[in-house]
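Note sheet for the following structure.
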Amino acid sequence: MTRRTPATPNPKASCLEDSPLQQYNDADGHFSLVRNFRLADLVTIMNGFCGSFSIFSSGRYLVTQDEAYLWQALVFPLAGLMFDFFDGKVARWRKSTSMLGQELDSLADLISFGVAPALLAFAVGLRTLLDTVVLTTFICCGLARLARFNATVALVPKDSTGKARYFEGLPIPTSLILVALLSFWTNQGWIEGKAGVPGGLVRLWGAEGGWGELHLVALLFGCWAAAMVSKTMKVPKP
């Protein structure tokens with residue numbers, strides 16, 4: 001009879017058992033993910049809810065041309081910012097954070113402060129092919145900025161409380177400044193179907209109404225996108 005060699009403990013397996021991720025792996029049954037949510041996670045999801053509602057309201061405006069829907073779309077990202085602010089407060093109050101919460105926060109921010117403002121700009125009048133290229137670039141730069149933040153947040157210098165001293169590049173919630181600008185234009189009637197978008201349209205190539213037209217104000221979204229992914233711009237954290 002051969003003697004069975006005792007199994008060597010797997011250090012990776014023991015690390016996984018102690019990992020915060022294991023709680024999601026161990027939970028079985030229906031709605032196990034929801035049962036693992038912390039209160040701060042639910043607040044973060046409300047941020048994503050507000051961004052999603054803004055997107056649908058922009059779509060309703062494009063279909064109906066009812067400005068009430070446009071104003072709804074303009075207001076909901078601001079509500080999303082309130083939830084984005086309070087989720088961190090709730091997490092510190094409850095002394096409960098999770099890796100899932102960090103990922104939820106980034107995904108919700110992308111919806112509320114990336115996709116929703118870009119669709120708002122489209123609804124207001126930035127609808128040419130080149131406009132949509134710029135707006136799509138804006139969304140993608142916001143996505144890249146959030147991914148970089150998640151990957152490098154541990155390397156950013158911290159203060160005595162453990163809080164990061166600065167942001168690398170513009171934080172994506174600053175896109176609400178652009179939403180405020182779109183709100184002002186809407187109030188003044190400077191939107192498609194009325195007085196038109198400020199700055200007018202330039203034709204870079206081709207015929208009128210073709211693929212080569214661009215609204216000058218679309219470049220503002222392009223500059224904002226570049227600032228979000230900038231490595232050299234360091235914004236002090238309040």
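Side-chain atoms are counted along with the backbone in the values below, which use heavy atoms only and exclude waters and symmetry mates.
Side-chain heavy atoms closer than 4.5 Å link hydrophobic residues (I, L, V, M, F, W, Y) into clusters, and following such links, even through other members, never connects Val63 to Leu126. Neither Phe56 nor Phe53 shares a network with the other; the hydrophobic side chains, linked directly or stepwise wherever heavy atoms of I, L, V, M, F, W or Y lie under 4.5 Å apart, form separate groups for each. Residues Ile139 and Ile172 share a hydrophobic cluster, clusters being chains of Ile/Leu/Val/Met/Phe/Trp/Tyr side chains in contact below 4.5 Å. In terms of hydrophobic clustering, with Ile, Leu, Val, Met, Phe, Trp and Tyr side chains grouped at heavy-atom distances under 4.5 Å, Val197 and Leu181 are assigned to a common cluster. Linking ILVMFWY side-chain heavy atoms closer than 4.5 Å, directly or via other members, places Val217 and Leu176 in a single hydrophobic cluster.
The minimum heavy-atom distance linking Val134 with Ala218 is given by the pair CG1-O, 3.1 Å. The two atoms that bring Ile55 and Ala116 nearest to each other are CG1-CA, 3.9 Å, heavy atoms only. When all heavy atoms of Gly142 and Leu110 are compared, the closest pair comes out as C-CD1, 4.3 Å. Pairing each heavy atom of Ala121 with each of Leu135, the nearest pair is CB-CD2, 3.9 Å. Across Arg203 and Glu213, no two heavy atoms sit closer than the pair CG-CG, 4.0 Å. Nearest heavy atoms, Glu168 versus Thr152: OE1-OG1, 4.4 Å.
Residues in residues 55-64 take part in no salt bridge (Lys or Arg N to Asp or Glu O under 4.0 Å) pair, two or more places apart or across chains. Legend: side-chain hydrogen bond (donor to acceptor under 3.5 Å, both in side chains) pairs involving residues 108-119, not counting sequence neighbours, sorted by first then second residue: Asn47-Asp109, Asn47-Ser112. Legend: ring pair (Phe, Tyr, Trp, His ring centres under 6.0 Å) pairs involving residues 122-144, not counting sequence neighbours, sorted by first then second residue: Phe138-Phe221. Counting only residues at least two apart or in different chains, salt bridge (Lys or Arg N to Asp or Glu O under 4.0 Å) contacts with residues 178-187 are absent. Pairs passing the salt bridge (Lys or Arg N to Asp or Glu O under 4.0 Å) check and including a residue from residues 171-180, sequence neighbours excluded, do not occur.
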Name the atoms and distances for all side-chain donor-acceptor pairs under 3.5 Å in residues 184-196, with sequence neighbours left out.
| unit_1 | atom_1 | unit_2 | atom_2 | d |
| --- | --- | --- | --- | --- |
| Thr186 | OG1 | Leu182 | O | 2.8 |
| Lys194 | NZ | Glu67 | OE2 | 2.5 |

What pairs of donor and acceptor atoms, side-chain ones from residues 69-80 against any protein atom, are under 3.5 angstrom apart with sequence neighbours left out?
| unit_1 | atom_1 | unit_2 | atom_2 | d |
| --- | --- | --- | --- | --- |
| Gln72 | OE1 | Ser57 | OG | 3.4 |

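Residues passing the side chain to side chain donor-acceptor pair (under 3.5 Å) test with Thr128, sequence neighbours excluded: Asp131. Thr174 is linked by a side chain to side chain donor-acceptor pair (under 3.5 Å) to Trp224, counting only residues two or more places apart in sequence or in another chain. With sequence neighbours excluded, the residues that form a side chain to side chain contact (heavy atoms under 4.5 Å, CB included) with Ala227 are Leu170, Met233. For Val133, the side chain to side chain contact (heavy atoms under 4.5 Å, CB included) partners two or more places apart in sequence, or in a different chain, are Thr137.
Side-chain contact between Leu62 and Arg127 is present, with at least one heavy-atom pair separated by less than 4.5 Å. With contacts defined as side-chain heavy-atom distances shorter than 4.5 Å, the pair Leu219/Leu214 qualifies.
For the atom pair SG (Cys140) and CE (Met228), the distance works out to 10.0 Å, reported to the nearest 0.5 Å. Expressed to the nearest 0.5 Å, how far CZ of Phe85 lies from CG of Leu81 amounts to 9.0 Å.
Counting Ile, Leu, Val, Met, Phe, Trp and Tyr side chains that sit under 4.5 Å apart, directly or through other members, Leu129 shares a hydrophobic cluster with Trp211.
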| said: Is there a side-chain hydrogen bond (donor to acceptor under 3.5 Å, both in side chains) between Asn150 and Ser106? Walk through the geometry before answering. | reply: CA-CA 8 Å; Asn150 286 349; Ser106 293; 3.0 Å; yes
| request: Kindly determine whether Leu107 and Leu146 satisfy side chain to side chain contact (heavy atoms under 4.5 Å, CB included), including the steps that lead there. | output: CA-CA 8 Å; Leu107 293 170; Leu146 290 167; over 6 Å; no
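In this structure, the side chain of Ser175 engages the main chain of Phe113 through a donor-acceptor pair within 3.5 Å.
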